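Along the sequence shown, residues are numbered consecutively beginning with 1. What you are looking at is a predicted structure, and each value in this text was computed from that prediction instead of being measured. Counting convention: from 1, in listed order, for ligands and their atoms alike. Heavy-atom basis, side chains included; hydrogens, waters and symmetry copies ignored.
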Amino acid sequence: VTAFGLSPSNIRHDVANSSRQRSTTTKTNAATTFDYLSTTNLTPEPSSSTDDPKVGVLLLNLGGPETSADVEGFLYNLFADPDIIRLPSLLSPLQSLVAFIISKRRAPKSREAYNSIGGGSPILQYTKAQAELMTKALSERHGITAKTYIGMRYWYPFTEEALDQIRQDGINALVILPLYPQFSISTSGSSLRVLQEEFAKHSEFYGPKRMFHTVIPSWYDRPGYIKSVANLIKKELDSFTKEEMEESINSIPRHVLFSAHGVPASYIEAGDPYKAQIEDCVSRIKELLPTEEEGVQVHLSFQSRVGPVEWLRPYTDDVLPELGERGVKNLVVVPISFVSEHIETLEEIDIEYRELALESGITNWRRTPALNTDATFIEDMADMVADALNEPSQSITEACVANNVGNLDLESVSHQEEIASAGILGVGADDDLRGKMRLRNGELFNGRIAMIGIVATCLIEILSGKPLIHLFSW
Ligand SMILES: C=CC1=C(C)c2cc3[nH]c(cc4nc(cc5[nH]c(cc1n2)c(C)c5CCC(=O)O)C(CCC(=O)O)=C4C)c(C)c3C=C
Ligand SMILES: [Fe+2]
C-alpha cells in the first residue's frame, strides 16, 4: 500500500476548498490535486465532517536552549532520556537523579559555550525556516498542501506540543521526518520513542482508521542531499588561493575532514546503524568530490564526546594534530550529522577546533556551513515528503524495530547475543565463544557494580556537599 491510501472520494481532491479549513504556512495552488493519494487499498474514517485528507508533516529535531537561563533545564531533559544515558534496569528509577546531578555539573561549561555564540541555540530558528520553505516547495513542486509542525526532543516546542496541535487540527495523514540524515538510537530513535508513547496514549486518534502515518527514518543516501553537501564542499575547496595551495608541504594540497557527531561505541554494539550510515554517506559525497589524483584527500572523524565512556573513533581533536603533523595546510571541515547550525558547529568547530588546527600548523582553515536553508536541500526535503506519501508506508514501530531502538537496554543486548550465538553454542560448542560470552556477562556485572558506585558517589556528594563528583567528567 502507499503511505496514504485514502478513500477513492479523496482522489483528485481540490486543494482550494480544503485549504480554507486549515491553517497552512503555504500559498494555496488552486489548480493542483492530491494525485499522491491515488492508490487506494485502505479506507480510513475521515477525521472531520468532510472527508478531506489533511496532510501534516512533523519535523523532529533535538531542540536547544534559547537563552542561557534555559541551559540547565535543557541539559536535564537530555540526560533524563534513557536513550542518552541508559542505566541498567535495576537503577533506572535513579535516572532523574542522575540527570539532575549531571546537568547541574555540566551547566556552567555549557552555558559558557552558549554565551560564546550569543547566549542560545539557533536550532529553532533554522528549523522554522526549513519548515516554512519546505512547505512552500511541497506546494509549488508537488501541489501538496500540508501543515508542517516542529517537535523538539529536549526543548520548546516539545514533540508532545506538536502532537497536541496535530490532533486539534484533525490531521489524518502524517509524514514524520526526523531532521537527522543518519539514524541513531540516541537521536531519531529517541524521538520516535516519544511518538510511540504518545500514540499509545491517544490511540483513539492515531489508530489506522483515523490517521495514517509514515516515518522517514533516515535519508542520508538521497541524491539531492548528497549533492547539496558536495556542492558546499566544492565551493570551499575552490576558495583556496594559489598562494595557499603552494604553502602545502603534504603531497596532497587540499584536505576535507568530515566531522560527525559521535555516539558511545557501545551503541554500535547494540545495533545502532549510525556509524555505518555515516560511513556510507561520506563515501557517497566523496564520489562527487575531486579525487586524490586531483589533489583532494578525504578523512572522517567524530566529535562532541561527553562523559567517561569510549566514543566512536577517531576523535576530531586527535585527527587535527595528526593532519598538522603530516604537513596539511589547507583543510575544509564538514559537519555531517546535522542540517542546521548549532552549538557544535558554531562553538566546538568554529572556535575550539579551529584554534587547535591553527596550533597544529593547519593555517588555511575552512568550514562548510550547515545546510540550513540551502535551496537544493529544501527542494529535496519537499521531494522526500512527496515520495513518502507515494511509497509504501513505514510505521513508527517498524522504523524502531528496523533500527534496533530499544536494544540499548543492557539486558536485552546480552540476551540478544545469547540468542544470536545459541545455534553455535548449542551444536558443536565453541569454547572460545563461550569464554567470550562469559567475559561479556562478567563485564555487564562489573558495569552494574560500577554504576551503583557512581550513583552512590553522587548521593554522597549531594548529602555531604563535598565535590566527590569531579572524579568523573560529564
Ligand atoms: C546526530 C547528531 C547527534 C547525536 C548522535 C547526539 C548524541 C548525543 N549527544 C549527547 C550529549 C549532548 N548533546 C548536546 C547537544 C547537541 N547534540 C546534538 C546532536 C547529536 N547528539 C546537537 C545538534 C546538539 C546541540 C543543540 C543546540 O543547542 O544547538 C549536548 C549539550 C551541549 C553541551 O553541553 O555540549 C549534550 C550534553 C550524548 C550523550 C549523545 C549520545 C548518547
Ligand atoms: Fe548531542
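The shortest heavy-atom distance from Pro65 to ligand 1 is under 4.0 Å. By the 4.0 Å heavy-atom criterion, Phe79 is counted among the residues contacting ligand 1. Using a 4.0 Å cutoff on heavy atoms, Trp155 does not count as a contact of ligand 1. Within the 4.0 Å heavy-atom shell around ligand 1 one finds Gly63. Contact analysis puts Leu75 in contact with ligand 1, with a non-hydrogen atom separation below 4.0 angstrom.
Closest heavy-atom contact between Val71 and Tyr114: CG2-CD1, 3.8 Å. Nearest heavy atoms, Leu174 versus Ile166: CD1-CD1, 3.9 Å. Nearest heavy-atom pair, Pro321 versus Ser360, reported as atom, atom and distance to 0.1 Å: CA-OG, 3.5 Å. For Ile351 against Leu346, the heavy-atom pair with the smallest separation is CG1-O, 3.7 Å. Contact record, Ala146 with Leu138: CB-CD2, 3.8 Å, taken as the closest heavy-atom pair.
With sequence neighbours excluded, the residues satisfying side-chain contact (heavy atoms from CB on, under 4.5 Å) with Tyr156 are Phe158, Glu161. Under the side-chain contact (heavy atoms from CB on, under 4.5 Å) criterion, Arg305 pairs with Trp311, Tyr315, Asp317, sequence neighbours left out.
Polar contact check, Ser110 against ligand 1: a nitrogen or oxygen pair lies under 3.5 Å apart. Residue His261 places at least one N or O, backbone or side chain, under 3.5 Å from an N or O of ligand 1. Inclusion of Thr187 in the set of residues having an N or O under 3.5 Å from an N or O of ligand 1 is not warranted. At least one N or O atom of Ile343 sits closer than 3.5 Å to an N or O atom of ligand 1. Polar contact with ligand 1: present for Ser121 (N/O pair, distance under 3.5 Å). Considering backbone and side-chain atoms together, Tyr274 places no N or O closer than 3.5 Å to any N or O of ligand 1.
Environment of CD in Glu112: sparse, with no more than 12 heavy atoms of neighbouring residues, nucleotides or ligands closer than 6.0 Å. Around NZ of Lys329, the count of heavy atoms belonging to other residues, nucleotides or ligands within 6.0 Å exceeds 12.
Annotation: side chain of Lys104 is not in contact with side chain of Tyr76 (no heavy-atom distance under 4.5 Å). At a threshold of 4.5 Å between non-hydrogen side-chain atoms, the residues Thr368 and Val333 do not count as touching.
Looking only at distances, a side-chain donor or acceptor of Asn372 sits under 3.5 Å from a matching main-chain atom of Ala370.
Between His255 and His299, the ring-plane angle classifies as parallel under the 30° and 60° cut-offs.
By the criterion of a heavy-atom distance under 4.0 Å, neither the backbone nor the side chain of Lys109 is placed next to ligand 1. With a heavy-atom cut-off of 4.0 Å, Glu344 touches ligand 1 through its side chain alone. The part of Ser186 lying near ligand 1 is the side chain, judged by heavy-atom distances below 4.0 Å. With a heavy-atom cut-off of 4.0 Å, Leu78 touches ligand 1 through its side chain alone. With a heavy-atom cut-off of 4.0 Å, Phe183 does not touch ligand 1 at all. The side chain of Leu62, and not its backbone, has at least one atom closer than 4.0 Å to an atom of ligand 1 (non-hydrogen atoms only; side chain from C-beta on). Heavy atoms of Pro264 found under 4.0 angstrom from ligand 1 belong exclusively to the side chain.
Sorted by first and then second residue, the salt bridge (Lys or Arg N to Asp or Glu O under 4.0 Å) pairs involving residues 222-235 (not counting sequence neighbours) are Arg222-Asp380, Arg222-Asp387.
Between Arg86 and Asp83, at least one side-chain N (NZ, or NE/NH1/NH2) sits under 4.0 Å from a carboxylate O, which counts as a salt bridge.
Neighbouring protein atoms of the Fe ion (ligand 2) (N, O or S, distance under 2.8 Å, waters ignored): His261 NE2.
Those atoms of ligand 1 with a heavy atom of Val263 less than 4.0 angstrom away are 5 (C).
Of the candidates Leu179, Ile336, Leu124, Ile84, the one placing a heavy atom closest to atom 39 (C) of ligand 1 is Ile84. Across Phe338, Trp311, Tyr114, Phe74, heavy-atom proximity to atom 38 (C) of ligand 1 is greatest for Trp311.
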